[in-house]
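Structure first, commentary second.
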Amino acid sequence: AQTVTQSQPEMSVQEAETVTLSCTYDTSENNYYLFWYKQPPSRQMILVIRQEAYKQQNATENRFSVNFQKAAKSFSLKISDSQLGDTAMYFCAFMKRNAGNMLTFGGGTRLMVKP
Amino acid sequence: SQTIHQWPATLVQPVGSPLSLECTVEGTSNPNLYWYRQAAGRGLQLLFYSVGIGQISSEVPQNLSASRPQDRQFILSSKKLLLSDSGFYLCAWGRQGGNQPQHFGDGTRLSIL
């Protein structure tokens, strides 16, 4: 079984600054996917970014990028030039390859962007 | 494009009353479907998932049940609600066999009085 751990329950950052959210996971699988989801106060779950474990290059989506360290089983999310609209809960999630799309979620990190 | 609809958006029910939450997906066929519950300020708990019509798997024992009467319809039900059933319920879908992530509906906020 897989486990996903987000060790920072809450974080805050000043608008326009950079923040990094941590995620570690435990698995015996070699092929898998990792995701970050964002849940703003509206409660909708939005996919932010995905990473395939077989790719060494870190995924990037505009101001969002990841630092994927496969050996360390670490998958952190960096948000650059933070905006007020980035205020949300962020969930890290793990998905095995070729096993449907069952996700294992971390407990979440609440991010507050301050003006 | 695919869309997922979930309703109602909010619901207030008395203890002991029945429940029916509905989720439908458009623009795809034979999706995997999921029901999650989220307590306030907490993570997601997977309640049920389905890989096809009439096929329901339950992750945790509880007061709720799920059904999939049609390919793109997923219903969460209860015969008698408990106070502990309060929470935010999210439906999600994922494409079968494509190593694709789940996509979520807007959720239902359920309050039990």
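Values in this document were obtained by computation on a predicted structure and should not be read as measured data.
Contact of A/Leu103 with chain B is made through backbone and side chain together, with heavy-atom distances under 4.5 Å. Only the side chain of A/Met95 comes within less than 4.5 Å of a heavy atom in chain B; its backbone stays farther off.
B/Gln38 is listed as a side-chain neighbour of A/Arg43, based on a closest heavy-atom distance under 4.5 Å. Using a 4.5 Å cut-off on side-chain heavy atoms (C-beta onward), A/Ile46 and B/His103 make no contact. Residues B/Phe104 and A/Gln44 fail the side-chain proximity criterion, which asks for heavy atoms closer than 4.5 Å.
A/Val48 and A/Phe35 fall into different hydrophobic clusters, where Ile, Leu, Val, Met, Phe, Trp and Tyr side chains are chained together by heavy-atom contacts under 4.5 Å. By the rule that hydrophobic residues join a cluster once side-chain heavy atoms approach within less than 4.5 Å of another member, A/Ile49 and A/Val4 end up as members of one cluster. Linking ILVMFWY side-chain heavy atoms closer than 4.5 Å, directly or via other members, places B/Leu81 and B/Phe48 in a single hydrophobic cluster. Hydrophobic cluster membership differs between B/Val15 and B/Val12, with clusters built from Ile, Leu, Val, Met, Phe, Trp and Tyr side chains linked at under 4.5 angstrom. In the hydrophobic clustering of this structure, B/Tyr89 groups with B/Val25; members are Ile, Leu, Val, Met, Phe, Trp, Tyr whose side-chain heavy atoms approach within less than 4.5 Å, directly or through other members.
For the atom pair A/Met102 CE and B/Ser57 OG, the distance stands at 7.0 Å (nearest 0.5 Å). Taken to the nearest 0.5 Å, the CG atom of A/Asn31 stands 9.5 Å off from the CG atom of B/Asn99.
For the pair A/Phe91 and B/Gly43, the tightest heavy-atom approach, listed with the atom from each and the gap, is CE2-CA, 3.6 Å.
The number of heavy-atom neighbours closer than 6.0 Å to OH of B/Tyr36, taken from other residues, nucleotides and ligands shown, is above 12. In A/Lys78, the NZ atom is not crowded: 12 or fewer heavy atoms of neighbouring residues, nucleotides or ligands sit closer than 6.0 Å.
Ranked by non-hydrogen atom pairs under 4.5 Å with chain B, the options A/Gln39, A/Arg110, A/Lys96 are led by A/Gln39.
Looking only at atom types and distance, the side chain of A/Asn101 has no donor-acceptor partner in the side chain of B/Gln100 under 3.5 Å away.
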Please report the C-alpha distance between B/Gln102 and A/Leu47 in whole Å, then the side-chain angles of each, then the deciding distance to 0.1 Å, and finally whether the side chain to side chain contact (heavy atoms under 4.5 Å, CB included) criterion is met.
-> CA-CA 8 Å; B/Gln102 293 178 24; A/Leu47 180 63; over 6 Å; no
